[in-house]
Amino acid sequence: MSDSGAAPQNTTFPRPGGEEGHGYLELPPSGRGPGLVVVQEWWGLTEHIADLVRRFAAEGFVALAPDLYGGRTTHDGEEAMRLMQELPVDRAARDLAGAVDLLLGHEAVTSSTVGVAGFCMGGSFALTLAAQQGERVGAVTPFYGLPDPEGTDWSGVRAAVQGHYAREDRIDLDVVGRVFDDLRDRLDVPVELHVYEAQHAFVNDTGPAYDADAAALAWGRATAFLREHVR
């Protein structure tokens, strides 16, 4: 049964191509900081994602989550799958590129690059965005998401990469390991892979797989990594 809702939105930005995108933006307590794109899970721009944006802002980032589903959210797995499958990849790419543009042009952003943190579906999009945006992305931290290794052009990645994956997940960790080994060979920047004794979506404290210890460890690693490499 569907359990749909409306996404929290508080900002708009132009997408490449002239359309308007929407998202949720928070500034750090100081009012200024490095820019960070936060990419949603397949549930949409839920209150959980908005909470992650606020938490990243509290860590000192100007954090923005673009709304890839155009205002729709759900807590129903079948509907989430449908929303993800119906999401036009080119539109998502335009939303994400527009988010990068907004941050790099924002008066509160102190960095010349942005960071990208993505969760579940968003982890896949985070790596894709790093490949598409090249030197505009200083660091990317995907959480339990991976784009098609064979169908992704990794040659554009210039960002430092830190991956966070669960031991008990649908993602094949051997494939993840090969992708990260390939990125290490390609890149002259840090590439880290961390695997946690946890389940998929272990950072989501509104879901059944939440693991407080794994989430805290991953969060500390990710925020430190982003602060170090997003300049």
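Quantities reported herein were computed from a predicted structural model and do not represent experimental measurements. Side-chain atoms are counted along with the backbone in the values below, which use heavy atoms only and exclude waters and symmetry mates.
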### Message
R158: which residues meet the salt bridge (Lys or Arg N to Asp or Glu O under 4.0 Å) condition with it, sequence neighbours left out?
### Response
none
### Message
I'd like to know if the side chain of T152 reaches the main chain of W154, judged simply by a donor and an acceptor atom lying under 3.5 Å from each other, with no hydrogens or angles considered.
### Response
no
### Query
Any chain of hydrophobic side-chain contacts (each under 4.5 Å) joining W43 to Y210?
no
### Query
To the nearest 0.5 Å, how far apart are CZ in F61 and OG in S111?
9.0 Å
### Spacing of W42 atom CH2 and Q85 atom CD [to the nearest 0.5 Å]
8.5 Å
### Task
Indicate yes or no: at least one non-hydrogen side-chain atom of H22 is less than 4.5 angstrom from one of E20.
yes
### Task
Of all the heavy-atom pairs spanning A63 and F56, show the shortest one and how long it is.
CB-CB, 4.0 Å
### L83 CG to L68 CG distance, which is reported to the nearest 0.5 Å
11.0 Å
### Task
Examine the side chains of T74 and D76 and answer whether a donor and an acceptor come within less than 3.5 Å of each other.
no
### Task
Report the residues that fulfil salt bridge (Lys or Arg N to Asp or Glu O under 4.0 Å) with E86, sequence neighbours left out, ordered by chain and then residue number.
R82
### Task
Mind checking salt bridge (Lys or Arg N to Asp or Glu O under 4.0 Å) for R227 and listing every partner two or more places apart, or none if nothing turns up?
E59
### Message
My understanding is that only residues two or more places apart in sequence, or in another chain, count here; which of them pass side-chain contact (heavy atoms from CB on, under 4.5 Å) with N10?
### Response
Y24, L25, E26
### Task
For A159 and V189, work out which heavy atoms get closest and say how close.
O-CG2, 3.4 Å
### Residues D182, R178: salt bridge by 4.0 Å N-O rule
no
### Message
Rounded at 0.5 Å granularity, tell me how far CZ in F125 sits from CE in M84.
### Response
8.5 Å
### Query
Would you call V62 and P34 a side-chain contact if the rule is heavy atoms closer than 4.5 Å?
no
### Query
Can you name the side chain to side chain donor-acceptor pair (under 3.5 Å) partners of S155, sequence neighbours left out?
D153
### Message
According to a hydrophobic-cluster definition based on side-chain heavy atoms being under 4.5 Å apart (Ile, Leu, Val, Met, Phe, Trp, Tyr only), do L183 and L226 belong together?
### Response
no
### Task
Count the heavy atoms of every other residue, nucleotide or ligand shown that sit under 6.0 Å from CD of E135, and state whether that count exceeds 12.
no
### Query
Considering the options V39, V116, L127, which one meets the side-chain contact (heavy atoms from CB on, under 4.5 Å) requirement together with P142?
L127
### Query
Under a 4.5 Å cut-off applied to non-hydrogen side-chain atoms, are L102 and T11 in contact?
yes
Would you tabulate the side-chain donor-acceptor contacts of residues 194-203 under 3.5 Å, counting partners in other chains and residues two or more places apart, or write 'none'?
residue, atom, partner, partner atom, Å
H194, ND1, R221, NH1, 3.4
H194, NE2, E192, OE1, 3.0
Y196, OH, H164, ND1, 2.7
Y196, OH, R221, NH1, 3.1
E197, OE2, R167, NE, 3.1
E197, OE2, R167, NH2, 3.4
H200, ND1, D169, OD1, 3.2
H200, ND1, D169, OD2, 3.0
H200, NE2, R170, NH1, 3.3

### Query
Under a single-linkage definition using a 4.5 Å side-chain heavy-atom cutoff for Ile, Leu, Val, Met, Phe, Trp and Tyr, are M121 and V37 assigned to the same hydrophobic cluster?
yes
### Message
Side-chain heavy atoms nearer than 4.5 Å, only ILVMFWY residues, links allowed to pass through others: does that put V140 and L146 together?
### Response
yes
### Task
Can you see which heavy atom on L96 is nearest to which on P66, and at what distance?
CD2-CG, 3.7 Å
### Task
Kindly determine whether F13 and D101 satisfy side chain to side chain contact (heavy atoms under 4.5 Å, CB included), including the steps that lead there.
CA-CA 8 Å; F13 52 87; D101 290 342; over 6 Å; no
### Query
Between F119 and F143, is the ring centre distance below 6.0 Å?
yes
### Summary
Note: D67 and D95 closest approach over all heavy atoms is O-OD2, 4.0 Å
### Message
Is it the case that the side chain of T113 and the backbone of R231 share a donor-acceptor pair, with hydrogens and angles ignored and the cut-off at 3.5 Å?
### Response
yes
#### Entry: side chain to side chain contact (heavy atoms under 4.5 Å, CB included) between E79 and R72, worked out
CA-CA 11 Å; E79 185 174 10; R72 293 174 296 174; 6.0 Å; no
### Minimum heavy-atom distance Q162-A222, with the two atoms named
OE1-CA, 3.2 Å
### Message
Set out, in order, the CA-CA distance, both residues' side-chain angles and the distance that settles side chain to side chain contact (heavy atoms under 4.5 Å, CB included) for W219 and L52, then state yes or no.
### Response
CA-CA 10 Å; W219 182 264; L52 289 177; 3.9 Å; yes
### Task
Please step through side chain to side chain contact (heavy atoms under 4.5 Å, CB included) for the pair V114 and L104, ending with a clear verdict.
CA-CA 7 Å; V114 301; L104 291 181; 3.6 Å; yes
### Query
Nearest heavy-atom pair of V230 and G35: which atoms, and what distance?
CG1-O, 3.8 Å
### Query
Y165 side chain to G145 main-chain N or O, any donor-acceptor pair under 3.5 Å?
yes
### Query
About how many Å separate CD of E47 and CG of L45, when rounded to the nearest 0.5 Å?
9.0 Å
### Query
About how many Å separate CZ of R136 and CG of L103, when rounded to the nearest 0.5 Å?
10.0 Å
### Query
Should Y144 and V38 be counted in the same cluster of Ile, Leu, Val, Met, Phe, Trp and Tyr side chains packed under 4.5 Å apart?
yes
